[in-house]
Amino acid sequence: MKWFVEKPASVRLSRRALLKIFGISIAAIAVGAYKITDLFAHRNKYIKMRQKGQYKDDERVRKVYKLAASHQNPMIKRFYDEFAIQPFGEVSEELLHTTYFKRTGGF
Amino acid sequence: MSLCIKGGEGLVEKIRTFPPSPVNEKLKTYRKGELAGIVRVSDRCVGCDTCRTQCPTGAMMGEIGTRHKIDYDRCINCGQCLINCPFGAIEQMSFLDEVMKKLEDKNSFVVAIVAPAVRVALAEEFGKPPGTLTVSRLHLALKKAGFHIFENNFAADQTIMEEGTELIGRIAYWELGLKEIEFEIKDIRPISWVKKVKLDLKEFENKPLPQFTSCCPAWVRYAEVYYPEILPHLSSCKSPQQMAGPTAKTYGALKVWKVNPERIYTVGIMPCTAKIYEASRPEFDSAWRWLKEKGLVTTKFKDVDAVLTTRDLAELFRRKGINPIEFSENEKPENFEWYSGGGTIFGTSGGVMEAALRFAWSVLSGQEPPALSEKWNFVKVRGYTHPRVEAKITIPLKSELKKEIGLDEVTLNVCVVNGIGYRGLHIKDVLEEVLAGTSKYHFIEVMTCPGGCLNGGGQPVEPMGTSWIDPVLPLPL
Ligand code: SF4
Ligand code: SF4
Ligand code: SF4
């Protein structure tokens, strides 16, 4: 999982650099350095847990309400029947679609 | 060691906020009225440089040991710096006070547009582990606080209807050389429902392949600032939040809730800091334009009036003494609370792609398997922890389309960019290939945040409070 293993800040930070930065207690610095190293390893874990939750919700609405795909949503059917008529119809073009802008920053 | 600063009862970090205000700089990449400086570095920065290594654009600047600074012209407001700062030194712009006031105002009909990823992270602010689902209890808690519900997952389903149709249109025009196409969107349960779609493909002349997703406002801004030539490739679909706002103020106001559209105040509740910026884009007043044309309103208003992050919402609940965990998780949805599995997986990397594939596959093949069937799962496109995923998806065509198109099946080449990466690391090749005309893909999903919105810049900051070394607090050891 190369993705998250950016070089931990603690590797790049020498203890001296840290001292220079903080000028507070060495103990506090040690805690801070531990924290930074830990950050990315930990990040993987909570992202995975949230991902599980998201797919659990997918399974839940499929199991309880039998809704796997967007066009099966009863309120979507109502929205197009009563109001928007069809995707890419006039109402959709006015309310649901947009355009983009070139932004020149000079970089 | 319990050294953490408690957000609520949870062990998440408390992020400082500041009220919306313009930045004191002349900016080149923002238009009039757009909010810049959604996140800012405070003087509590110790110069550890972690944020800079997480920044997708190079907007975060500074040397080790010096206070870092954001170049707002380069910044895309993703908030990755904020959630990764080990010292809680980055602050977020917050509309919380304004929203609290609106909730007290009896004349306002306050609508919460709740994003997919909020439901898998909010509980962390109330002492539960990451991934704990809060759906109907979140709705009930929001209602208790005075909101009406508009599921952004419903808007995600709208997005798929529009964006999936757009993809079919682009492929029909560019790959199959058709001038128009007709197809049916069908569902057989609980009763047969058919939507006939007819597309005049002339307008697709300006919509080339591959098509990129457009639901991540930080990615849209990235394209606008760094790769403007790519813009015709972006889906013309607004993001779910920006579909939800105008739908609530038109269809919702007139046909569902039956209230005066001018009373509706829409609040995006998002895992995301870029959504705060997105809502401020000047073209996002489409409901007002639409209603004005029909003589129904006069005073100008935005499609989305305010945006709260997941953290802001937790703070709102705390201020009101509401604990969402305590409500029932078994309430049946009504109106805009309905959503599909495809809608909810928008919160995770690969989710928009999978939802679009569920739609396109069903429409093109004519198949409608039971909801729990494996056939709806396109596991190959899930981002999980891969920076980039690609897949080939072959869809057999139903007989009407076989005749119309003259092919037995179509094969879609798709790609999922899971986090733009440090200075565009995960996306640069993909974009360069498209610009060189050598891209093999039909459809590309881009999420700025690694893992998708569930790891967005507005989410609870895990783990173990990172602001241990906080000058305003006594040192822990
Ligand atoms: S991560 Fe936080 S403390 Fe470290 S340089 Fe960035 S803003 Fe400063
Ligand atoms: S990480 Fe995102 S929000 Fe932070 S400076 Fe970079 S682009 Fe801006
Ligand atoms: S990936 Fe999601 S949370 Fe991150 S910037 Fe994009 S929309 Fe916001």
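Each chain gets a letter, A, B and so on, in the order the sequences are listed, and its residues count up from 1.
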With chain A as the partner, which of B:K198, B:E229, B:R189 has the greatest number of non-hydrogen pairs under 4.5 Å?
B:K198
Might you point out which heavy atoms bring B:P130 and A:Y46 nearest each other, and give the distance in Å?
CG-CB, 3.9 Å
B:Q242 and A:L96: side-chain contact (heavy atoms from CB on, under 4.5 Å), yes or no, with the steps?
CA-CA 8 Å; B:Q242 296 304 144; A:L96 308 182; over 6 Å; no
Between A:M75, A:E94, A:Q86, which shows the greatest number of heavy-atom pairs under 4.5 Å with chain B?
A:M75
Rounded to the nearest 0.5 Å, the CG atom of B:D200 sits from the CZ atom of A:F88 at a distance of 12.0 Å
Chain A contact via B:R221 - which portion, at a heavy-atom distance below 4.5 Å:
side chain
Heavy-atom closest pair (A:H71 atom, B:S362 atom, distance to 0.1 Å) is NE2-OG, 3.5 Å
Verify the neighbour count for atom NZ of A:K77: are there more than 12 heavy atoms of other residues, nucleotides or ligands below 6.0 Å?
yes
Considering only heavy atoms, which portion of B:T132 lies under 4.5 Å from any heavy atom of chain A: side chain, backbone, both, or neither?
neither
State plainly whether the residues B:E329 and A:R60 are in salt-bridge range, i.e. N to O under 4.0 Å.
no
Go through the atoms of B:V220 and report whether side chain, backbone, both or neither lie under 4.5 Å from a heavy atom of chain A.
side chain
Under 4.5 Å heavy-atom distance to chain A, tell me which part of B:P333 shows up: side chain, backbone, both or neither.
both
Pick one of side chain, backbone, both or neither for B:Q158, based on which atoms fall under 4.5 Å of a heavy atom in chain A.
both
How close do B:P129 and A:M49 get, heavy atom to heavy atom, and via which atoms?
CB-CE, 4.0 Å
What is the minimum heavy-atom distance between B:A371 and A:L67, and which atoms define it?
CB-N, 4.0 Å
Is it the backbone or the side chain of A:F101 that comes under 4.5 Å from a heavy atom of chain B, or both, or neither?
both
Where on B:P271 is there a heavy atom nearer than 4.5 Å to chain A: the side chain, the backbone, both, or neither?
neither
Pair count under 4.5 Å, heavy atoms only, with chain A: among B:V135, B:L27, B:L254, highest is B:V135
Between A:R103 (side chain) and B:T29 (backbone), is there a donor-acceptor pair under 3.5 Å?
yes
Side chain / backbone / both / neither for B:R74 at chain A, heavy atoms under 4.5 Å
both
Contact part of A:E59 toward chain B, heavy-atom cut-off under 4.5 Å: side chain, backbone, both or neither?
both
Sidechain-backbone polar pair: A:Q54 side chain, B:L454 backbone, donor-acceptor under 3.5 Å:
no
Can you tell me which portion of B:S236 sits under 4.5 Å from chain A's heavy atoms? Options are side chain, backbone, both or neither.
both
So, A:D57 and B:T344: side-chain donor and acceptor under 3.5 Å apart, yes or no?
yes
Test side chain to side chain donor-acceptor pair (under 3.5 Å) on B:E163 and A:H97 and set out the steps.
CA-CA 10 Å; B:E163 196 162 340; A:H97 290 261; over 6 Å; no
The reported gap from CG in B:D303 to CG in A:L95 (rounded to nearest 0.5 angstrom) is 8.0 Å
Options B:E166, B:R119, B:K255, B:Q459, ranked by heavy-atom pairs under 4.5 Å with chain A, top entry
B:E166
Polar contact flag, side-chain donor to acceptor under 3.5 angstrom, B:Y251-A:E82
yes
So, the part of B:A117 with a heavy atom under 4.5 Å from chain A: the answer is both
Which value, rounded to the nearest 0.5 Å, describes the distance between B:N455 atom CG and A:K48 atom NZ?
13.0 Å
What part of A:T104 gets within 4.5 angstrom of chain B, counting heavy atoms only: side chain, backbone, both, or neither?
backbone
Distance only, no hydrogens: is a donor on one side chain within 3.5 Å (strictly under) of an acceptor on the other, for B:W376 and A:D58?
no
Segment of B:T159 engaging chain A (4.5 angstrom heavy-atom cut-off):
neither
Per-residue contact mode, B:E334 against chain A (heavy atom under 4.5 angstrom)
neither
So, A:Q72 and B:S340: side-chain donor and acceptor under 3.5 Å apart, yes or no?
no
Report which part of A:K102 has an atom under 4.5 Å of a heavy atom belonging to chain B: side chain, backbone, both, or neither.
both
Under the side-chain contact (heavy atoms from CB on, under 4.5 Å) rule, what do B:T250 and A:F83 come out as? Steps first, then yes or no, please.
CA-CA 9 Å; B:T250 57; A:F83 191 67; 3.6 Å; yes
Taking side chain as C-beta onward, heavy atoms only, is A:P74 less than 4.5 Å from B:W193?
no
Are A:R50 and B:E124 ion-paired here, with the side-chain N under 4.0 Å from a carboxylate O?
yes
I want to check something: taking the side chain as every heavy atom from C-beta on, are B:N377 and A:R62 in contact at a cut-off of under 4.5 Å?
yes
When heavy-atom pairs shorter than 4.5 Å are enumerated against chain A, which of B:E354, B:E368, B:M161 gives the highest number?
B:M161
So, taking the atom named OG1 in A:T99 and the one named CG in B:L234, what distance separates them when rounded to the nearest 0.5 Å?
11.5 Å
Heavy-atom count around B:I188 CD1 within 6.0 Å, excluding the residue itself: above 12?
yes
Under 3.5 Å: donor-acceptor pair, side chain of A:N73, backbone of B:W338
yes
Can you tell me how the ring of B:Y384 sits relative to the ring of A:Y55, calling it parallel under 30°, perpendicular over 60° and tilted otherwise?
tilted
Contact class of B:I185 relative to chain A, heavy atoms under 4.5 angstrom:
side chain
Side chain, backbone, both or neither: which part of B:R382 has an atom under 4.5 Å from a heavy atom of chain A?
both
Are any of the side-chain nitrogens in B:K195 or A:D81 under 4.0 Å away from the carboxylate oxygens of its partner?
yes
Just give me the residue among B:K28, B:E162, B:R358 that pairs up with chain A most often, heavy atom to heavy atom, under 4.5 Å.
B:E162
Highest number of heavy-atom pairs under 4.5 Å with chain A: which of B:L199, B:V363, B:N335?
B:N335
Between B:Y339 and A:S70, does the side-chain contact (heavy atoms from CB on, under 4.5 Å) criterion hold? Intermediate values first, please.
CA-CA 7 Å; B:Y339 63 83; A:S70 300; over 6 Å; no
Okay, B:K196 and chain A: the region with an atom under 4.5 Å from a heavy atom over there is backbone
